[in-house]
Structure formats: structure tokens, C-alpha cells
Amino acid sequence: MAFYAKTIKLRTTSRLEVINITDHVEKAVEESGVKNGLCLVHVPHATAALVLNEDEPNLKQDLMRLVDELTGNSWMHNRIDNNAEAHLASILLGSTRILPVINGKLVRGTWQEIMLVELDGPRSERRVVISVIGE
Ligand code: ZN
């Protein structure tokens with residue numbers, strides 16, 4: 001059984017942003033040497049998320065609009081830190097994704113790209129931890 005972990009760092013440039021990280025994850029799977037197992041992708045941040053979906057510009061706009069619709073409410077967290085929407089979107093979208101690795105390849109659908117969602121940017125550094133476990 002092998003365990004491989006890698007952290008990638010990304011800079012974000014706007015408040016809401018969707019960044020395709022599929023190539024980074026596939027590279028990590030290749031580097032791990034794991035042929036059959038699991039790949040866990042995690043963002044260790046409370047105001048970012050990970051989605052597995054189509055990298056299509058209109059859909060990415062729609063996702064950001066959906067997130068933006070959380071704004072304008074009198075969320076309690078805004079009393080101490082004006083970013084309740086970002087936390088809530090992170091909770092709803094999730095910050096971890098697990099994908100199977102079979103025959104050395106990440107198993108994903110044709111329209112499934114792994115994307116980091118920035119919810120409270122811009123940030124000089126966002127980390128994505130990619131772990132691969134298997135044999
Ligand atoms: Zn906060």
C-alpha cells in the first residue's frame with residue numbers, strides 16, 4: 001500500500017473565481033505511481049470549495065451567480081467577519097472530493113473537471129492537498 005501527498009498553491013484574482021485544477025491532480029496521480037486506489041483532493045480553507053463538473057464558461061458564471069445569491073442576508077457571522085456567504089457556500093459545495101484511481105488513471109466523466117472555487121478572494125495563496133492511496 002502506497003501513500004502519496006502533494007500540496008499545490010494557487011493565487012486567486014477576484015472575489016469569486018472557478019479554477020480548473022484537473023491537470024495538477026492527474027499529474028499527482030501519475031507521480032504517485034498508484035495504479036489502483038483513491039485520490040482525495042482537499043482544500044484546507046473555510047472560504048473555498050471544490051467542485052467536480054463541466055468547465056464551461058456560462059456554467060461557471062451560473063455557479064458564481066448562485067453563490068452570489070447568498071449575499072444580502074443578515075447572516076450572524078457578518079457581525080464579526082463580513083464573509084458569511086463565503087463560509088456558507090463552502091459548506092454547501094464542500095471542500096473535499098474523492099475519486100477512484102483505476103489502471104493508473106483518475107476515473108471521471110467526460111464533463112467532470114476538478115475545479116477550485118474561490119469564495120472570498122482575491123487571495124495570494126490557496127492550497128490544494130492531493131493525496132493518493134493505493135497500490
Ligand atoms: Zn469569516
Side-chain angles (χ1 to χ4, degrees):
M1 190 70 76
F3 179 78
Y4 174 88
K6 177 184 191 177
T7 300
I8 59 166
K9 292 170 181 175
L10 299 162
R11 173 186 296 271
T12 61
T13 57
S14 47
R15 186 173 72 88
L16 299 176
E17 193 173 347
V18 182
I19 303 169
N20 192 328
I21 59 164
T22 309
D23 289 348
H24 290 283
V25 180
E26 291 195 327
K27 188 162 172 262
V29 170
E30 196 180 311
E31 288 164 0
S32 75
V34 169
K35 296 298 169 211
N36 294 290
L38 296 171
C39 176
L40 186 151
V41 190
H42 176 66
V43 282
H45 301 290
T47 56
L50 280 176
V51 295
L52 186 62
N53 220 289
E54 187 175 355
D55 185 355
E56 191 278 312
N58 293 303
L59 183 63
K60 293 196 287 187
Q61 290 293 324
D62 289 340
L63 174 59
M64 290 188 278
R65 189 178 130 195
L66 190 68
V67 167
D68 216 29
E69 285 182 5
L70 292 168
T71 57
N73 290 287
S74 53
W75 303 116
M76 302 272 286
H77 182 70
N78 285 339
R79 294 177 188 180
I80 58 154
D81 187 15
N82 199 33
N83 65 354
E85 301 78 20
H87 288 275
L88 292 168
S90 172
I91 291 167
L92 294 171
L93 297 171
S95 42
T96 303
R97 298 285 154 172
I98 304 168
L99 288 89
V101 175
I102 298 177
N103 294 327
K105 297 278 179 209
L106 211 51
V107 179
R108 55 186 184 86
T110 310
W111 310 112
Q112 284 184 315
E113 300 285 326
I114 305 157
M115 297 181 284
L116 167 75
V117 187
E118 173 59 78
L119 299 162
D120 194 21
R123 299 291 179 110
S124 59
E125 186 181 293
R126 285 300 200 182
R127 283 169 293 137
V128 180
V129 182
I130 305 162
S131 305
V132 189
I133 187 165
E135 51 192 20

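Not measured: the values here are computed from a predicted model. Below, all heavy atoms of this structure are taken into account, side chains as well, without hydrogens, waters or symmetry copies. Note that ligands are numbered from 1 as they come in the structure, with each ligand's atoms numbered from 1 the same way.
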Colleague: Nearest 0.5 angstrom please: Asn82 CG to His77 NE2, how far?
Modeller: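 Nearest 0.5 Å value for the CG-NE2 distance: 9.0 Å.
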Colleague: Would you please test Arg108 and Glu26 for salt bridge (charged side-chain N to carboxylate O under 4.0 Å, His left out) and show each step?
Modeller: CA-CA 11 Å; Arg108 55 186 184 86; Glu26 291 195 327; 3.1 Å; yes
Colleague: Do you see a donor-acceptor pair shorter than 3.5 Å between the side chains of Glu85 and Asn73?
Modeller: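 Absent: no donor and acceptor within the cut-off.
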Colleague: Measure from the Zn ion (ligand 1) to each N, O or S atom of Asp81 and report whether any distance is below 2.8 Å.
Modeller: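 It does; at least one qualifying atom falls short of 2.8 Å.
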Colleague: Considering only N, O or S atoms, which atom of His87 is nearest to the Zn ion (ligand 1)?
Modeller: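 Of all N, O or S atoms in His87, the Zn ion (ligand 1) lies closest to NE2.
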Colleague: Among the N/O/S atoms of His77, select the one at the shortest distance from the Zn ion (ligand 1) and name it.
Modeller: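 That would be atom NE2.
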Colleague: Would Asn82 count as a contact for the Zn ion (ligand 1), in the sense that one of its N, O or S atoms lies under 2.8 Å from it?
Modeller: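 Checking Asn82: none of its N, O or S atoms is under 2.8 Å.
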Colleague: Please step through side chain to side chain contact (heavy atoms under 4.5 Å, CB included) for the pair Ile21 and Val41, ending with a clear verdict.
Modeller: CA-CA 10 Å; Ile21 59 164; Val41 190; 4.1 Å; yes
